[in-house]
Amino acid sequence: MDVVDLDYRARTQTGCIPPYLVSRFLERGHAAEVERWAGRGEWFCAREWARLLGEQGKQAEALEVLTPYLTTGWWQAIRATAELLESWGRADEAIVLTRARMEAGHPLALEFHARLLNRHGRGDEAFTLLRPYIDDWFLAAALVDIAEGTGRDKEAAELLVARIPGEHRCDTPWCCRGLAPDMAIGLLATIRERQGRIDEAIALLRTRNVTSVNGRDQLADLLARHDRPDELGAYAATEVLGHAAQRLAELLEERGDVEAAIAVCWQAGDSSACRANMTVQLAHLLARHHRGDEAIEVMRGLADASGADDWILHVLCALCTDQGRPEDGLAYLDALKERRGEEEWELFQLRLPLMAACDRVEEALQQARAHPEGDTSYAARHIAELLAGAGRTGEAVTVLRPHAPANSHELAAYLIDLGRLDEAIAALHQDQPRPPRASRSDWSEEPPF
C-alpha cells in the first residue's frame, strides 16, 4: 500500500468504498463482501471489519486486518487501531502505539496521545507534554480540557493570560495564526467558568470582537447555562449575527415558554443581519409545536421577501412535505415559475418529492425527462432517487449508469440494494484518483475535497 494514495482516497472518498456504503453492505447482509475488501486495500472496510471482529472477542484477528495499513505508518490507521485497543481495555498498548507517531512530529498524533494519557490517569504527563505547544490553538484547547481533571487550571490560565495583548482584538476567527487573542480569551473564560468565576468569564468574553464560531456564540451559551435570560436578552439585542437570539429562543423553549421563544425569533428576524436564518428557526420552532400551518406561512413570507432564494425554497418545500401539504409547495413553485417565465433544474428538482408525495410519480418522471437539463448527470441523480423511492431500483440504475463517474456512489448504493455486488464495486473503482503531487507526509492542511 502507498500511504499517500491511501490517505488521498480516504480524505476524498473517491476510488474507494466510502463508510456509508460499507454500512449498506452490512445492513443488506453482505458482511462477507466487507471482509473480502478489507484485505484488498479498502480502508473503510478494514476499519469496520476490525471493529466487528473486536465486538465478537476476536481481537487478534481484528489487529491482523489492520496490520497492512499500520505498517505504512499512516496516522489514520494508527489512530483507529489505538481506539480499538483502548475500547478493549488495552490502553497501555494504545499509548505505546501512538507515542511513536507523536514523536515523529505529527500534530494530530500529539493531541490524540495527550488526551489518551489523560483518559487513563496520566493527566499530569499529558499536560506537561502539551505545555510547550500552547501557541497552537487546537493543542491549547486540549491543554485546557486536560487541566480540568489535573488541578492545573491556574497554570493553564497563566499561560493564556500571557498571550492576551492589551489592545489587539481579532475581527474574524482567522485573523491571527496560531493561538489568536480571541481564542485565548475564550479558553480563559472556560477556565474561569469552571472555577466558579462566572462574572469574570462573562466580562472576558465581552472584550472579544468575534464571539460566534460555527453558528454558536460562547457568551450566549455561558449565559444560558447559568440561567441568566435577562442578560442573554440584553446581549441578543446587540449581537448582530442573531446567534445570541437563537440561544435565547432555545433556552425559553427548554423552559416551556414557547410563546416567548416565538417572540424572540420574530424580533430577531426584524433586526438581525441573519434575518433569514432566524426566520427559518422560527418556522422549525412552530412546526415542533404542532403549528405547521403557521410555519408554512412564515416560510412563504420569507421566500417572497428574499426573492425566493434557492435554499429558502428547499426549506419551504421540505416543510410542506413534512406537514402533509405538498400541494402547497407545488402551488408556490407554479406561481414562481409563472413570474419568472422559466424554471432551471435547481428549482425544478424541488417538485419531484412534492409530486411523489401527491402520488404523481409518473407525471414527475415525464416532466423531469422533458426538462432541458433532464439528461445531465445532476438530473439523473434526482430522477434515480424518485424511481428508487417508488420501488423501481432497477430503473434507477439504468438512469444512473450513463453518468456513472459523476454518480458512482449513488449507482453503487442501488446496485448493493439489488444484490449486484461486483457491479457496485466496479462502479466505485471506475474513478482512480491520484494525489496531485507526492508528499513525504500524510499530514496535510489542504481541505479534503
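Note: hydrogens, waters and symmetry copies are ignored here, and every other heavy atom, side chains too, is used.
- Listed by chain and number, the residues in a side-chain contact (heavy atoms from CB on, under 4.5 Å) with E342 amount to none (sequence neighbours excluded).
- Put simply, the side chain of E193 reaches to within 4.5 Å of the side chain of R225, judged on heavy atoms.
- Taking each heavy atom of A140 and L179 in turn, the nearest pair found is CB-CD1, 4.1 Å.
- Side-chain atoms of Q218 and H243 include no donor-acceptor pair closer than 3.5 Å.
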Between R288 and E253, does the side chain to side chain contact (heavy atoms under 4.5 Å, CB included) criterion hold? Intermediate values first, please.
CA-CA 10 Å; R288 282 197 298 275; E253 185 184 11; 2.9 Å; yes
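- Annotation: the span from L110 atom CG to L130 atom CG amounts to 5.5 Å, rounded to 0.5 Å.
- E363 is linked by a salt bridge (charged side-chain N to carboxylate O under 4.0 Å, His left out) to R360, counting only residues two or more places apart in sequence or in another chain.
- Checked against side-chain hydrogen bond (donor to acceptor under 3.5 Å, both in side chains), N214 has no partners two or more places apart in sequence or in another chain.
- Side-chain N or O atoms of T72 include none that pairs as donor or acceptor with a backbone N or O of P68 at under 3.5 Å.
- Every residue meeting the ring-ring contact (aromatic ring centres under 6.0 Å, His included) condition with H371, not counting sequence neighbours, appears here in chain and number order: W345, F348.
- Side chains of L387 and T393 form no contact here, defined as non-hydrogen atoms less than 4.5 Å apart.
- In terms of heavy atoms, V65 sits closest to A46 at CG1-O, 3.7 Å.
- Expressed to the nearest 0.5 Å, how far CZ of R79 lies from NE2 of H106 amounts to 10.5 Å.
- For the residue pair G215 and Q246, the shortest heavy atom distance occurs at O-OE1, 4.4 Å.
- Around CD of E385, the count of heavy atoms belonging to other residues, nucleotides or ligands within 6.0 Å does not exceed 12.
- Remark: A413 engages L21, R24 in a side-chain contact (heavy atoms from CB on, under 4.5 Å) (not counting sequence neighbours).
- The existence of a salt bridge linking D334 and R351 is confirmed by a sub-4.0 Å separation between a basic side-chain nitrogen and an acidic carboxylate oxygen.
- Distance check: L365 CG to I383 CD1 gives 7.0 Å after rounding to the nearest 0.5 Å.
- Between A126 and I146 the shortest heavy-atom distance is CB-CD1, 3.9 Å.
- Side-chain atoms of Q323 never come within 3.5 Å of backbone atoms of C320 as a donor-acceptor pair (strictly under, hydrogens ignored).
- Residue pairs meeting the ring-ring contact (aromatic ring centres under 6.0 Å, His included) criterion with at least one partner in residues 20-40, sequence neighbours excluded, are W37-H429.
- Salt-bridge annotation for R36 and D422: present, with a side-chain N of the basic residue lying under 4.0 Å from a carboxylate O of the acidic one.
- Pairing each heavy atom of L386 with each of A356, the nearest pair is CD1-CB, 3.7 Å.
- Under a 3.5 Å cut-off, the side chain of D221 and the backbone N or O of R247 do not form any donor-acceptor pair.
- With hydrogens and angles disregarded, a donor-acceptor distance shorter than 3.5 Å links the side chain of E239 to the backbone of L241.
- Counting only residues at least two apart or on different chains, no ring-ring contact (aromatic ring centres under 6.0 Å, His included) pair has a member in residues 276-297.
- Annotation: side-chain contact (heavy atoms from CB on, under 4.5 Å) contacts of A82 (sequence neighbours excluded): A94, L97, T98, F112.
- Scanning all heavy atoms of the two residues, the minimum distance from W88 to A62 falls at CH2-CB, 3.7 Å.
- The salt bridge (charged side-chain N to carboxylate O under 4.0 Å, His left out) check on R115 picks up E111, D145, with sequence neighbours excluded.
- Looking at R216 and E250, a side-chain N of the basic residue comes within less than 4.0 Å of a carboxylate O on the acidic one, giving a salt bridge.
- Summarising the geometry, atom CH2 belonging to W49 is positioned 9.5 Å from atom CD belonging to E61; distances are rounded to the nearest 0.5 Å.
- Residue N277 holds its CG atom at 12.5 Å from CG of L282, rounded to the nearest 0.5 Å.
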Might you work through the side chain to side chain contact (heavy atoms under 4.5 Å, CB included) test for I17 and F44, ending with a clear yes or no?
CA-CA 7 Å; I17 307 174; F44 295 115; 5.8 Å; no
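- Atom CG of residue L313 and atom CG of residue L350 lie 6.5 Å apart, to the nearest 0.5 angstrom.
- Under the 3.5 Å distance criterion, the side-chain polar atoms of D136 are left unmatched by any main-chain donor or acceptor of L139.
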Side chain to side chain contact (heavy atoms under 4.5 Å, CB included), that's the test. Do E148 and T190 meet it? Break it down for me.
CA-CA 10 Å; E148 181 177 15; T190 297; over 6 Å; no
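- R208 places a side-chain N or O within 3.5 Å of a backbone atom of D182 that can act as its donor or acceptor partner.
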Chi angles and distances behind the side chain to side chain contact (heavy atoms under 4.5 Å, CB included) call for R340, L347:
CA-CA 12 Å; R340 292 183 175 180; L347 291 183; 2.9 Å; yes
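- Remark: Y332 engages D304 in a side-chain hydrogen bond (donor to acceptor under 3.5 Å, both in side chains) (not counting sequence neighbours).
- Counting only heavy atoms from C-beta outward, the side chains of R401 and L415 approach each other to under 4.5 Å.
- Contacts of R381 classified as salt bridge (charged side-chain N to carboxylate O under 4.0 Å, His left out), with partners at least two apart in sequence or in another chain: E410.
- Under the 4.0 Å criterion applied to side-chain N and carboxylate O atoms, E83 and R119 are not assigned as salt-bridge partners.
- The aromatic ring centres of Y69 and W43 sit less than 6.0 Å apart.
- The side-chain heavy atoms of R420 and V397, taken from C-beta on, include a pair separated by under 4.5 Å.
- With sequence neighbours excluded, no residue forms a salt bridge (charged side-chain N to carboxylate O under 4.0 Å, His left out) with D375.
- The number of heavy-atom neighbours closer than 6.0 Å to CD of E338, taken from other residues, nucleotides and ligands shown, is 12 or below.
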